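These numbers were taken from a predicted model, which means no experiment stands behind them. Below, all heavy atoms of this structure are taken into account, side chains as well, without hydrogens, waters or symmetry copies.
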Amino acid sequence: MFEISFGELLIIGAVALIVLGPERLPTVARTIGALVGRAQRFVASVKSDIQQQSQLAGLQELQQDMQQAAEAFRQQVESEVAQVREVAREIEHEATATPPLAADSAHSIAPPDVAANLPSADDELARKDDSQLDLFDLPATPPVPPAADHRS
């Protein structure tokens, strides 16, 4: 802040000693020291207040950004929900617009016989591709180990 060298302090001290005298100089020096200390504490307080205000302003900007992002997300979700509801209404409208099935048995659709449509084991074996390797099927017969050559 102020750049006062040691030589300048000596000159100021000598002038103060001449002007004030040796009796009043210690009292004045204490008073000046107390005033300088108060000034330093005041400057530190003002700096911390300014720093807090700048942080508060940054937090307020962050809060506004978060509120804007939340509002945009809410609007996007609401538009998606509206689209889903519209699709659901269309499906419901199509379902109610189709004519009901006839009640007599000649025109009704009977459920298929499930057992008749299941493939048999022979059909499965016939459809199996020999070029495919199935790791989960066990071979029908255990493999025969090669005959050991017992020549002595």
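Counting all heavy atoms, side chain and backbone alike, Leu25 lies closest to Ala16 at CD1-CB, 3.9 Å. Of all the heavy atoms in Glu8 and Glu3, the pair that sits closest is OE1-O, 3.7 Å.
Note that CD of Glu61 and CG of Asp65 are 7.5 Å apart. Values are rounded to the nearest 0.5 Å. With rounding to the nearest 0.5 angstrom, the CD atom of Gln55 is 12.5 Å from the CD atom of Gln60. To the nearest 0.5 Å, atoms CD (Glu71) and CE (Met66) are separated by 13.5 Å. Here Ser79 contributes atom OG and Arg74 contributes atom CZ; the two are 11.0 Å apart, rounded to the nearest 0.5 Å. Here CZ of Arg24 is found 12.0 Å from CG of Leu17. Values are rounded to the nearest 0.5 Å. Atom OG of Ser5 and atom CD1 of Ile11 lie 7.5 Å apart (nearest 0.5 Å).
Cluster annotation: Ile32 is not connected to Ile12 through the hydrophobic network of ILVMFWY side chains, with a link wherever side-chain heavy atoms come within less than 4.5 Å. Criterion: ILVMFWY side-chain heavy atoms under 4.5 Å apart, direct or through other members. Under it, Leu10 and Val19 are not part of a common hydrophobic cluster. Hydrophobic clustering, with ILVMFWY side chains joined whenever heavy atoms are under 4.5 angstrom apart, groups Val28 together with Val36.
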Derivation of the side chain to side chain contact (heavy atoms under 4.5 Å, CB included) call for Val43 and Lys47: CA-CA 6 Å; Val43 168; Lys47 282 183 181 179; 4.0 Å; yes
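Salt-bridge formation is not detected for the pair Glu92/Arg89: no Lys NZ or Arg NE/NH1/NH2 atom is positioned less than 4.0 Å from an Asp or Glu carboxylate oxygen.
Residues Ile91 make up the rest of the hydrophobic cluster containing Val87, defined by ILVMFWY side-chain heavy atoms closer than 4.5 Å, directly or through other members.
For the pair Thr31 (side chain) and Thr27 (backbone), a donor-acceptor distance under 3.5 Å is present.
Considering only heavy atoms from C-beta on, Arg30 comes within 4.5 Å of Pro26 through its side chain.
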